[in-house]
Novice: 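The structure under discussion is supplied below as structure tokens; questions concerning it will follow.
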Amino acid sequence: MVTDRCSRSKILWGGIIEEYRKFFPVTEKTPVITLQEGNTPLLKAVNLTKRLNIELDLFLKFDGANPTGSFKDRGMTLALSKAAEDNAKAVICASTGNTSAAASAYAARAGIKAIVVIPEGKIALGKLAQALMHGAHVLQLNGNFDEALNMVKEVVSNYPITLVNSINPYRIEGQKSAAFEICDQLGFAPRYHAMPVGNAGNITAYWKGYKEYKTEGIVSKTPVMLGFQAAGAAPLVNGKPIEKPETVATAIRIGNPASWKGAISARDESGGKIDAVTDEEILSAYKLIAANEGIFCEPASAASLAGVLKLYKQNYFEKGETVVCTLTGHGLKDPDNAIKVSGETIKVRAEFNEVKKVIERIL
Ligand code: F0G
């Protein structure tokens, strides 16, 4: 019997473990828990560069296009696959929202229970909705992310539960795949790579990925790594932990990053920089990206572009160089913030005359 097999089926994306298997600590015995994460768009920021008169080859790596809407899926496919291989019954994490959404989704897929601990009232509602819908046990802590992380560390030292925060090395392993993809998409490693920094796992992961591609001889150079923290939550910039971090970018509202050393190594080995951007700069970049490039990312994600714009004004870059900004999460997770900052008046009942006025204004 002949079965249909359209020719493109063999080139469809299988998720990061299948696509980059030889770079990961997996064997044929590892059950692959995947939502076909990765393969996210790398878009040239043609409108932004023109509008702001920026002489750079600027690209946006939109990791909000992952299945749960953030880069965390890259790490979670590996963390949950290894947890399943070890017959884990439950996983736990502390989170500013995205880790909890990804952990809950991949745990559901694996048939493993998930417990997530989040700072009460300080995560975007879409992320909370995700954890609830995926059937996680959601605990809200009257404290910040750093306190939540300390709590889950204590839990795993007392119970046979797998920690899936980025101190779990499989998370970093999976997240390095974004660096591979960028090289594969560009055909070379960018000169500069800019990204938001919170708990600092992702910058650690990217740097590992770029270095591995260079060691394998797939690229000849590694990029200069640029990390950006929110000014009210910038322990790496200040050189010491911050007890009460504050920023509108709740995803990176972190005062004592677990991968502190990894971030500093990425900065120093690459000759890069970790700098702070204000909430105003973050929100301005957030709006610029959405209005000019059609990409809706979450506020924390926009810290990467905010940082690049800040350094550009200081003449940090050589003209015409390739700069990639990672946009880590999807804007739909946090619609409240978007509506608040958009400054648009929404007409509940538009009259014909009102429509006419708008059309006359914009044409
Ligand atoms: N961008 C977004 C959208 C995030 O959710 C995070 C971290 C970061 C950037 C920073 O990445 O921590 O590896 O430096 N979110 C974590 C969470 C802390 O719990 O979802 P990082």
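We count ligands from 1, going down the list as the structure has it; atoms in each ligand are counted the same way.
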Novice: Does an N or O anywhere in A300 fall below 3.5 Å from an N or O of ligand 1?
Specialist: no
Novice: Look at the side chain of E37 and the backbone N and O of I16, then say whether any donor-acceptor pair between them is shorter than 3.5 Å.
Specialist: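 Yes: the side chain of E37 pairs with the backbone of I16.
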Novice: Are R74 and T40 close enough that a side-chain donor and a side-chain acceptor fall under 3.5 Å?
Specialist: yes
Novice: For atom 12 (O) of ligand 1, which protein heavy atom lies nearest, and how many Å away is it?
Specialist: N199 N, 2.7 Å
Novice: Verify the distance criterion only: is there a donor paired with an acceptor across the side chains of K333 and N98 at less than 3.5 Å?
Specialist: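 There is such a pair (donor and acceptor under 3.5 Å, judged by atom type) between the side chains of K333 and N98.
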Novice: Please confirm whether I254 approaches ligand 1 to less than 4.0 Å, judged on its heavy atoms.
Specialist: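 Right, I254 reaches ligand 1.
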Novice: Within a distance under 4.0 Å of any heavy atom of V197, pick out the atoms of ligand 1 and give their elements.
Specialist: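 In order of number, 14 (O).
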Novice: Which bit of E298 is near ligand 1, meaning a heavy atom under 4.0 Å away: side chain, backbone, both or neither?
Specialist: side chain
Novice: Report the nearest protein non-hydrogen atom to atom 5 (O) of ligand 1: residue, atom name, distance rounded to 0.1 Å.
Specialist: N98 ND2, 2.8 Å
Novice: Output yes when the distance from some N or O of ligand 1 to some N or O of N202 is under 3.5 Å, and no in every other case.
Specialist: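 Right, the criterion is met.
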Novice: In terms of residue, atom name and distance, what is the protein heavy atom nearest to atom 15 (N) of ligand 1?
Specialist: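 Its nearest protein heavy-atom neighbour is K72 NZ, 3.0 Å.
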Novice: Would one find an N or O of Q175, backbone or side chain, under 3.5 Å from an N or O of ligand 1?
Specialist: no
Novice: Which option wins on minimum heavy-atom distance to atom 19 (O) of ligand 1: G329, S95, A249, P299?
Specialist: S95
Novice: Name the closest protein heavy atom to atom 8 (C) of ligand 1, giving the residue it belongs to and the distance to 0.1 Å.
Specialist: I252 CG2, 3.6 Å
Novice: Can you confirm, on distance only, whether ligand 1 has an N/O atom lying under 3.5 Å from any N/O atom belonging to S100?
Specialist: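 No, since none of the N or O atoms of S100 sits under 3.5 Å from an N or O of ligand 1.
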Novice: In this structure, does ligand 1 have an atom that sits under 4.0 Å from one of the heavy atoms of A200?
Specialist: yes
Novice: State the atoms of ligand 1, each with its element, that fall below the 4.0 Å cut-off from a heavy-atom position in G201.
Specialist: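 Every atom of ligand 1 under 4.0 Å from some heavy atom of G201: 13 (O), 14 (O), 21 (P).
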Novice: Using a 4.0 Å cutoff against the non-hydrogen atoms of F71, which atoms of ligand 1 qualify?
Specialist: 1 (N), 2 (C), 4 (C), 6 (C), 8 (C), 9 (C), 11 (O)
Novice: For a quick test of reading the model, state the closest non-hydrogen atom pair linking L43 to I295 and the distance between them.
Specialist: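 That would be CD1-CD1, 3.4 Å.
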Novice: Return all side-chain donor-acceptor pairs below 3.5 angstrom for residues 321-329, not counting sequence neighbours, or 'none' if the list is empty.
Specialist:
| from | atom 1 | to | atom 2 | distance (Å) |
| --- | --- | --- | --- | --- |
| T326 | OG1 | H193 | NE2 | 2.7 |
| T326 | OG1 | Y206 | OH | 3.0 |
| T328 | OG1 | S301 | OG | 2.8 |

Novice: Is F145 close to ligand 1, meaning an N/O of one under 3.5 Å from an N/O of the other?
Specialist: no
Novice: For atom 1 (N) of ligand 1, what is the nearest protein heavy atom, given as residue, atom name and distance?
Specialist: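 The protein heavy atom lying closest is T328 OG1, 2.6 Å.
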Novice: For residues 108-129, tabulate all N or O donor-acceptor pairs below 3.5 Å that involve a side-chain atom, not counting sequence neighbours.
Specialist:
| from | atom 1 | to | atom 2 | distance (Å) |
| --- | --- | --- | --- | --- |
| R109 | NE | T34 | O | 3.2 |
| K127 | NZ | E298 | OE1 | 2.7 |

Novice: For the CG atom of N202 and the CG atom of D63, what is their distance to the nearest 0.5 Å?
Specialist: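 Between atom CG of N202 and atom CG of D63 there are 7.5 Å.
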Novice: To which protein heavy atom is atom 20 (O) of ligand 1 closest, and what is the distance rounded to 0.1 Å?
Specialist: T99 N, 2.8 Å
Novice: Could you tell me if T222 and K211 have a donor-acceptor pair between their side chains, going purely by distance under 3.5 Å?
Specialist: no
Novice: Which of the atoms in ligand 1, numbered in the order shown and given with their element, are less than 4.0 Å from a heavy-atom of A251?
Specialist: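 Reading through ligand 1 atom by atom, the close ones are 2 (C), 3 (C), 4 (C), 5 (O), 6 (C), 7 (C), 15 (N), 18 (C).
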Novice: What is the ring orientation for Y20 with Y213, classed by angle as parallel under 30°, tilted 30 to 60°, or perpendicular over 60°?
Specialist: perpendicular
Novice: Which class fits the ring pair F296 and H330: parallel under 30°, tilted 30 to 60°, perpendicular over 60°?
Specialist: perpendicular
Novice: Are the side chain of Q229 and the backbone of L236 linked by a donor-acceptor contact shorter than 3.5 Å?
Specialist: yes
Novice: Just how far is it from atom NZ of K208 to atom CD of Q175, taken to the nearest 0.5 Å?
Specialist: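 Between K208 NZ and Q175 CD, I get 12.0 Å after rounding to 0.5 Å.
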